[in-house]
**Student:** 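Handing you this structure, nothing more for now.
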Amino acid sequence: MDLIPVNAPVIPAASKRYVQEALETGWISSAGPFIQKFEEAYAWWLGVHHAITCSNGTAALHLALASLNVGKGDEVLLPDFTMGACLDAVLYTGATPVFCDVDASTFTMDPLQAHAKISKNTKAIMPVHIYGHSADMGPILAMAKEHSLAVVEDAAESHGGTYNGNLTGSLGTLGCFSFYGNKILTTGEGGMVVTNDDALAQRIRSLKDLAHSPEKRFWHTEMAWNYRMTNMQAALGLGMLESLPEFLKTKQWMAGEYEKQLSDITHLQLPVTKPGVTNVYWMYAVLVRDSSPFTRDQLRTKLHEHGVDTRDFFYPLHAQPFAAAHHTANERFPVTEDLARRGFYLPSGLALTQEQIDTVCSTLHELLA
C-alpha cells in the first residue's frame with residue numbers, strides 16, 4: 001500500500017531548465033550567475049535591500065545572530081515550541097537561550113511571556129512563524145524597540161505569509177528562511193538571510209564565505225564558516241520563486257478543502273488564522289481533543305494503517321536532551337507541552353491531489369465518527 005506522503009514537492013519547469021543550464025555551463029559549485037540572480041529576485045519579492053544565500057536554514061539563523069555579535073553573556077529569547085535548529089543556532093554563538101511559552105491558538109511566541117523574560121543581558125528576540133502562521137509581530141517589535149533589541153525572524157515555514165500586509169521575514173532586523181525539501185520554496189537544502197541593514201549584510205556575506213579578505217584571497221580576517229549555497233541550488237530556487245504565487249494558491253486551496261471536510265469532526269481542533277495575518281499553511285496542523293477515542297499517537301498509527309502518513313508536532317525545546325543545562329528544572333511551559341502531546345499534521349505538500357485529500361478526510365471521519 002502506497003502512503004499519502006506528508007509533503008511531496010512540485011518542481012516547476014523553469015527550475016529544471018535553470019539547473020540544466022548550470023550543469024551545461026559547468027557552474028555547479030558556489031560560484032555562478034544564479035546565486036546573484038536568486039538573491040536579487042528574492043530581495044525584490046520580499047521588499048528588502050539585501051538577500052544572502054546560505055547552505056540551510058540553521059546556518060541562516062547562526063549567521064544572523066553572529067552578524068549581531070551575539071555571544072557569551074548574551075541572552076536570546078525564543079519560543080519553546082519550535083524546531084531544535086533555533087536552539088542550535090543560539091548555542092553555536094555561546095549565548096544563553098531563554099525559552100518562552102506560546103499562544104495556544106497560533107502556536108507562536110506569546111509576547112507577554114517574552115516581555116516578562118527580558119533582562120539586562122537580552123540581546124535578541126527570535127520569533128518563529130510556525131507552520132505558516134505569523135508570530136504576533138506588533139508587540140514583539142514594540143518591545144524590541146523599547147529595549148533596543150534585535151529581532152531575528154525565523155520565517156523558514158512561512159514563505160509568502162503576511163502580518164498586517166507585510167511579508168514575514170521582512171519585519172525584523174534580520175529574517176531567516178529555509179529551503180529544505182519540504183518547504184514551500186525549496187532548493188533541496190539551502191537558506192537565505194535578509195535585511196535592510198547594509199553593514200549586517202556585508203558581514204553576513206563575509207561570515208558565510210570563511211571571511212576571505214576582499215583584497216587578499218586565502219587571507220581570512222576572522223573565524224568564519226563555509227555556509228555557501230551552490231549555483232545549482234540557486235537555479236532551482238529561482239525557478240521555484242517564479243512559481244511561488246501559484247504555490248501559495250495551492251496551499252490556500254488545500255487548507256480550504258481540509259476546513260470544509262473536517263470542520264464537523266468535534267474530536268479535532270483545526271488551525272486558526274488571526275485577523276491581519278495570511279496563513280500559508282506550510283503544514284495543516286491539527287490538535288486531537290481529549291474527547292477523542294484515540295490519543296494523538298494512536299490516531300496517527302491508525303491513519304498510517306489506512307495509508308495516510310502524518311508527523312507529530314515539535315517537542316518542547318526545554319525538553320531536548322541537550323537543553324537541560326539551559327533552563328531551571330521547575331520551569332513549566334504548559335501550552336507548549338500540551339501542543340507537543342496532542343498535535344500532528346496531515347499531508348500538506350504541493351503535490352497533494354483532491355483524491356488524496358478526500359481519502360485523508362474520509363479516513364478521519366471513519367475513525368473519529
**Student:** Is the CD atom of Gln298 crowded by more than 12 outside heavy atoms at less than 6.0 Å?
**Tutor:**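 Correct, the count exceeds 12.
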**Student:** Should Lys251 and Glu246 count as an ion pair when the cut-off is N to O under 4.0 Å?
**Tutor:**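 Looking at Glu246 together with Lys251, the answer is no, because their closest N to O distance does not fall below 4.0 Å.
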**Student:** Check Arg342 against Arg289 and note the closest heavy-atom contact, atom names and distance.
**Tutor:**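 The answer is NH1-CA, 3.8 Å.
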**Student:** Give a yes or no on whether the backbone of Gly343 and the side-chain of Asp312 come within a donor-acceptor separation of less than 3.5 Å.
**Tutor:** no
**Student:** Are Arg296 and Arg341 close enough, and set up right, to give a side-chain contact (heavy atoms from CB on, under 4.5 Å), and what steps lead you there?
**Tutor:** CA-CA 7 Å; Arg296 186 271 311 277; Arg341 177 177 66 88; 5.6 Å; no
**Student:** How far apart are the closest heavy atoms of Asp309 and Pro5, and which atoms are they?
**Tutor:**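 Of all heavy-atom pairs spanning Asp309 and Pro5, the closest is CB-CA, 4.4 Å.
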**Student:** Take atom NZ of Lys37 as the centre, draw a 6.0 Å sphere, and report whether it contains more than 12 heavy atoms from other residues, nucleotides or ligands.
**Tutor:** yes
**Student:** Taking the six-membered ring for Trp, are Tyr227 and His62 ring centroids under 6.0 Å apart?
**Tutor:**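 That pair passes the under 6.0 Å test.
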**Student:** Would you mind telling me which of Arg203, His49, His50 makes a side-chain hydrogen bond (donor to acceptor under 3.5 Å, both in side chains) with Asp198?
**Tutor:**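 So the option named by the test is His50.
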**Student:** If I take atom CG from residue Asn69 and atom CG from residue Asp74, how far apart are they, to the nearest 0.5 angstrom?
**Tutor:**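 Atom-to-atom, Asn69:CG and Asp74:CG are 9.0 Å apart.
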**Student:** Parallel, tilted or perpendicular: which one describes the rings of Tyr131 and Phe313, with boundaries at 30° and 60°?
**Tutor:**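 Rings of Tyr131 and Phe313: tilted, 30 to 60°.
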**Student:** Would you check if there is a donor-acceptor pair between the side chains of Asp103 and Ser105 at a distance under 3.5 Å?
**Tutor:** yes
**Student:** Distance check, rounded to the nearest 0.5 Å: Glu366 atom CD versus Cys361 atom SG?
**Tutor:** 13.0 Å
**Student:** To the closest 0.5 Å, what do you measure between OG (Ser348) and CE (Met283)?
**Tutor:**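 These two atoms lie 5.5 Å from each other.
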**Student:** Is there a donor-acceptor pair under 3.5 Å between the side chain of Lys16 and the backbone N or O of Leu236?
**Tutor:**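 Checking the backbone N and O of Leu236 against the side chain of Lys16, no donor-acceptor pair under 3.5 Å is found.
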**Student:** Do any side-chain atoms of residues 85-98 form donor-acceptor pairs under 3.5 angstrom with protein atoms, and if so which ones, sequence neighbours left out?
**Tutor:**
from, atom 1, to, atom 2, distance (Å)
Thr93, OG1, Val90, O, 2.6
Thr93, OG1, Ala95, N, 3.2

**Student:** Quick one: pull up CE in Met229 and OG in Ser29 and give me the separation to the nearest 0.5 Å.
**Tutor:**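 So the CE of Met229 and the OG of Ser29 are separated by 12.5 Å.
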**Student:** Going by the ring pair (Phe, Tyr, Trp, His ring centres under 6.0 Å) test, which pairs reach into residues 8-27, not counting sequence neighbours?
**Tutor:**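 Found Tyr18-Phe34.
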**Student:** Tell me if a side-chain donor or acceptor on Asp101 pairs with a main-chain N or O of Thr336 at a distance below 3.5 Å.
**Tutor:**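 Answer holds: yes.
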**Student:** State the CG-CG distance between Asn7 and Leu346, to the nearest 0.5 angstrom.
**Tutor:**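 So the CG of Asn7 and the CG of Leu346 are separated by 12.0 Å.
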**Student:** For the pair His326 and His318, evaluate ring pair (Phe, Tyr, Trp, His ring centres under 6.0 Å) and give the outcome as yes or no after the intermediate values.
**Tutor:** CA-CA 8 Å; His326 303 289; His318 79 271; over 10 Å; no
**Student:** Less than 6.0 angstrom separating the ring centers of Tyr284 and Tyr345, yes or no?
**Tutor:**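 Not under 6.0 Å, so no.
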**Student:** Aromatic ring centroids of Phe81 and Tyr315 under 6.0 Å?
**Tutor:** no
**Student:** Give a yes or no on whether the backbone of Ala199 and the side-chain of Gln202 come within a donor-acceptor separation of less than 3.5 Å.
**Tutor:**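 The answer is no, because no donor-acceptor pair under 3.5 Å joins these two groups.
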**Student:** Any side-chain heavy-atom pair from Leu167 and His159 closer than 4.5 angstrom?
**Tutor:** no
**Student:** Take atom CD in Gln252; do more than 12 heavy atoms of anything else shown fall under 6.0 Å from it?
**Tutor:**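 Yes, because the 6.0 Å sphere around CD of Gln252 holds more than 12 heavy atoms from other groups.
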**Student:** For the pair Thr301 (side chain) and Asp297 (backbone), establish whether a donor and an acceptor sit closer than 3.5 Å, ignoring hydrogens and angles.
**Tutor:**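 Looks like yes, one N/O pair under 3.5 Å.
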**Student:** Determine whether more than 12 heavy atoms belonging to other residues, nucleotides or ligands lie under 6.0 Å from atom CD of Gln354.
**Tutor:** yes
**Student:** Would the distance check show the side chain of Thr168 and the main-chain N or O of Gly161 forming a donor-acceptor pair, the cut-off being under 3.5 Å?
**Tutor:** yes
**Student:** List the atom pairs, donor and acceptor, that lie under 3.5 Å between side-chain atoms in residues 171-181 and the rest of the protein, sequence neighbours left out.
**Tutor:**
from, atom 1, to, atom 2, distance (Å)
Thr173, OG1, Val151, N, 2.9
Ser178, OG, Tyr180, N, 3.2

**Student:** Same hydrophobic cluster for Leu207 and Trp219, using side-chain heavy-atom links shorter than 4.5 Å among ILVMFWY?
**Tutor:** no
**Student:** Applying side-chain contact (heavy atoms from CB on, under 4.5 Å), run through Thr295 and Val288 and close with a yes or a no.
**Tutor:** CA-CA 7 Å; Thr295 66; Val288 179; over 6 Å; no
**Student:** With heavy-atom distances below 4.5 Å as the criterion, would you say the side chains of Phe107 and Leu287 are in contact?
**Tutor:**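 The answer is yes, as the side chains (C-beta and beyond) meet within the 4.5 Å cut-off.
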**Student:** Is there a side-chain contact (heavy atoms from CB on, under 4.5 Å) between Tyr281 and Glu157? Walk through the geometry before answering.
**Tutor:** CA-CA 8 Å; Tyr281 299 100; Glu157 301 171 3; over 6 Å; no
**Student:** Please find the pair of heavy atoms, one from Val128 and one from Thr108, that lie closest to each other, and give the distance.
**Tutor:** O-CG2, 3.6 Å
**Student:** Which label fits Tyr42 and Phe38: parallel for a plane angle under 30°, tilted from 30 to 60°, or perpendicular past 60°?
**Tutor:** perpendicular
**Student:** Are the side chains of Phe99 and Pro79 in touch, meaning some heavy atoms are under 4.5 Å apart?
**Tutor:** no
**Student:** Please say whether more than 12 non-hydrogen atoms of neighbouring residues, nucleotides or ligands are located less than 6.0 Å from CH2 in Trp253.
**Tutor:** yes
**Student:** Can Arg205 and Asp209 be counted as an ion pair, charged N to O under 4.0 angstrom?
**Tutor:** no
**Student:** Walk me through it: do Val194 and Ser170 pass the test side-chain contact (heavy atoms from CB on, under 4.5 Å)?
**Tutor:** CA-CA 7 Å; Val194 303; Ser170 71; 5.9 Å; no
